[in-house]
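Report on the structure given below.
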Number of protein chains: 2
Amino acid sequence: MHILGTVKDGDVFRAIADPTRRKILDELTERDDQTLFEICSRLTMRHQITSSRQAISQHLELLEAAGLVVSRRDGRYKFHSINPAPLEQIVERWLNRRTKESS
Amino acid sequence: MHILGTVKDGDVFRAIADPTRRKILDELTERDDQTLFEICSRLTMRHQITSSRQAISQHLELLEAAGLVVSRRDGRYKFHSINPAPLEQIVERWLNRRTKESS
DNA sequence: TTGATAGGCAAGTGACTGCTTGCATATACT
DNA sequence: AGTATATGCAAGCAGTCACTTGCCTATCAA
């Protein structure tokens with residue numbers, strides 16, 4: 001079912017519960033394969049986020065644990081990309097389950 | 001944009017961040033138009049949730065503030081239903097934004 | 001009116017969370 | 001080797017969150 005090993009279901013929901021982490025996902029949606037420092041500077045410039053490097057690092061760690069971010073090592077750089085697949089369970093769970101037209 | 005008055009964007013994400021609230025949404029997906037007591041007893045029996053009435057009431061309050069639950073008064077009863085529409089912003093934001101095929 | 005039922009309000013509490021701070025490791029450059 | 005760069009680890013702190021507790025209001029039936 002899961003590509004990665006130990007991803008609990010609740011991790012995805014907790015991951016997107018934080019506004020800064022949602023901005024990180026937005027940023028990775030715009031541009032893939034970014035390092036931690038790239039994400040930090042782009043968040044500051046484009047999204048008015050003033051979080052520190054360590055804060056963003058911890059957010060990325062949590063996003064990766066939830067399966068929403070995948071990373072690739074290249075020397076001292078670590079490139080991050082988004083993987084929106086785990087979000088599809090939300091669609092399956094409440095949006096596709098029943099056709100609800102009368103609001 | 002929003003049908004209801006003051007629903008902040010973050011409210012939806014915070015609402016589904018809690019496992020008990022997700023179970024409430026599941027229960028309302030299965031059966032619509034339930035009172036607080038009905039939801040409580042069905043959560044206990046069918047989902048092994050042992051939360052108190054007050055706890056469920058507060059969860060419903062939060063879900064309603066997020067626009068995910070709508071309610072209707074009838075005498076001393078208050079019937080709750082699910083409204084999954086606010087969840088569609090998640091699809092729009094990260095799943096429909098870009099066609100990402102190469103994982 | 002009295003009692004029972006369905007729900008609401010609000011203060012207090014323990015646990016969790018996001019962030020900081022300080023240091024450590026690893027890679028690259030000269 | 002020595003320095004700078006990129007990231008990782010872990011303890012501590014302040015704010016938030018879910019839950020409880022106790023009391024209150026409203027509706028219905030006798």
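Below, all heavy atoms of this structure are taken into account, side chains as well, without hydrogens, waters or symmetry copies. Reminder, nothing fancy here: chain letters follow the sequence lines and each chain counts from 1.
- Between A:S57 and D:dG8, a side-chain N or O to OP1/OP2 separation shorter than 4.0 Å is present.
- Taking atom CZ of B:F37 as the reference point, atom P of D:dT27 lies 17 Å away to the nearest angstrom.
- Distance, A:Q54 CD to C:dT21 C1': 8 Å, rounded to whole Å.
- We find that NE2 of B:H80 is positioned 13 Å from P of C:dA6, with the value rounded to whole Å.
- If you take CG of A:D74 and C1' of C:dT27, they are 11 Å apart, rounded to a whole angstrom.
- At a cut-off of 3.5 angstrom, counting only N and O atoms as typed in the model, there is no donor on one side facing an acceptor on the other between the side-chain of A:R76 and the base of D:dT7.
- No donor-acceptor pair under 3.5 Å is formed between the side chain of A:S57 and the backbone N or O of A:R53.
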key: Residues B:I16, B:R21; criterion side-chain contact (heavy atoms from CB on, under 4.5 Å); working and verdict   = CA-CA 6 Å; B:I16 60 174; B:R21 284 196 290 269; over 6 Å; no

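- One can place NE2 of B:H59 at 16 Å from P of C:dG7, the figure rounded to the nearest angstrom.
- Look at B:R73 and you won't find any side-chain N or O under 4.0 angstrom from OP1 or OP2 of C:dA6.
- Listed nucleotides: D:dA18, D:dC9, D:dC19. Nearest to the side chain of B:S51: D:dC19.
- With rounding to whole Å, B:Q58 atom CD is found 11 Å from C:dG8 atom P.
- For A:Y77 and C:dA28, the OH to P distance is 8 Å, given to the nearest whole Å.
- Between B:P84 and A:L95, the closest heavy-atom pair is O-CD2, 3.4 Å.
- The distance from atom CZ of B:F13 to atom P of D:dC17 is 16 Å, rounded to the nearest whole Å.
- Listed nucleotides C:dC9, C:dC19, D:dC19 differ in distance to A:T20; the shortest reach to its side chain belongs to C:dC19.
- Taking 4.0 angstrom as the limit, A:S52 places a side-chain polar atom (N or O) nearer than this to OP1 or OP2 of C:dT20.
- A:F13 carries B:R22 over the face of its six-membered ring, with the cationic atom under 6.0 Å from the centre and within 45° of the normal.
- A donor-acceptor contact shorter than 3.5 Å links the side chain of B:T44 to the backbone of B:I49.
- Both B:K78 and A:R14 lie near DNA chain C, and the one whose nearest nucleotide falls closer to the 5' end is B:K78.
- Between A:R53 and A:D18, the residue whose closest nucleotide on DNA chain C is further toward the 5' end is A:D18.
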